[in-house]
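Whatever order the structure lists ligands and atoms in, that order sets their numbers, starting from 1. The analysis underlying the following values was restricted to heavy atoms, covering all of them including side chains, and did not include hydrogens, waters or symmetry mates.
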Amino acid sequence: MNDIADIRKIRESAERIRVRGLVQGVGFRPAVWRLAHRYGLRGWVANDGEGVDIHVCGPAAALHQFVDALEQDAPPLARIDRVEREPAALLAQGEDFRIVESFATSVHTGVVPDAATCPDCVAEIFNPLARRYRYPFTNCTHCGPRLSIIEAIPYDRAATTMRAFALCAACSAEYSNPDDRRFHAQPVACHACGPRAWLERADGAPIALDTLTTLDAVDAACTLLQRGHIVAIKGLGGFQLACDAGNETAVARLRQRKRRERKPFALMARDLGVVRRYCVVAANEEALLQSPAAPIVIMKANGSERVTASVAPGVQTLGFMLPNTPLHHLLLRRMNCPIVLTSGNLSDEPQCITNPDARTRLSGIAEYFLLHDRDIARRVDDSV
Ligand SMILES: [Zn+2]
Ligand SMILES: [Zn+2]
């Protein structure tokens, strides 16, 4: 062996790194890929049943920087519980760093929950020049469905209900571009290749969409809510029932049909500005409302503007959430007041998750259905 090769051998090291925690479906492999390229390392990264598995090789100093950065620059939705390191075999010179196919092993890893639409994706769906203008299933590495579409671990598109939708050329280019925020985003989709939404009447009669909207089915559903109808919406982790929270007749009808007597209904508002017209919003509540989990936050009613009496009879608080999917953002765009959003079921029954089940069980409650063709793999109860 000549001198140069000896020096290289001394200065290089390799490690097998195991990352445990909520690290699948959060853009962890792309983040590892970027770091490896930043530090000039070679090797591979994969998902498996235990989390993320990395074999990395290169100059020892760079490898240390890589491991430090791994924890500091983890993607926003990731939660690292533990990083385990052990020395590993050096890899051949000239190799690249690759994201490899997932290893199917026994499952001991968690899956991240669905995450509310990120600001970048919201901007896209309201930009008339964007490819995903008004696309109700827009998502990226930082947001979108996870738990509700996963059928198996490791988390790859083939193991989700997005398997049914083959990527178009444009989405495929985003998926394979390391500089794109959709690099390896498993549920990536667009108007051309992804799921679509449509409207149905509960009685099966045809709908003249152009009497409701000049845009699309989601916008038509908004008109129906404004006209006092109850609409069943296929949400992220299950069906929901919606109506205008300012319309007493609609809310009372929903209560009676759902057989829910007094328990307050949750509300969804277009944005924080609308919430503030009805509630006192503290700083921590504002942060919660805008967090990726987009939970229902119970706040004190401020008394200035009121929702109709049947929303929350006899209490001085209101439970609000902000839109958590592009579909809900689009639905609420023209709604200046909140909507009631409650789980799609009769009281004490499980929430519907399939279109046929919803048509059967909710047709006595809702007058219209806003449906789509992405299957919900598991019920994710948002306790509305
Ligand atoms: Zn996003
Ligand atoms: Zn596409």
**Asked** Hey, mind stepping through Arg82 and Glu84 against salt bridge (charged side-chain N to carboxylate O under 4.0 Å, His left out) and telling me if it holds?
**Response** CA-CA 6 Å; Arg82 203 159 73 239; Glu84 295 158 6; 2.9 Å; yes
**Request:** Decide yes or no on side chain to side chain donor-acceptor pair (under 3.5 Å) for Asn302 and Arg276, but give the supporting numbers first.
**Result:** CA-CA 8 Å; Asn302 64 17; Arg276 283 188 208 288; over 6 Å; no
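Looking only at side-chain heavy atoms (C-beta outward), Pro187 and Ile149 come within less than 4.5 Å of each other.
Relative orientation of the Phe320 and Tyr278 rings is tilted, given thresholds of 30° and 60° on the angle between their planes.
An angle of 110° is found at the Zn ion (ligand 1) between Cys121 atom SG and Cys118 atom SG, rounded to 10°.
By the criterion of a separation under 2.8 Å, the protein N/O/S atoms near the Zn ion (ligand 2) amount to Cys168 SG, Cys171 SG, Cys190 SG, Cys193 SG.
A ring-centre distance under 6.0 Å is not found for Phe369 and Trp198. Tyr135 and Phe137 have their aromatic ring centers within a separation under 6.0 angstrom.
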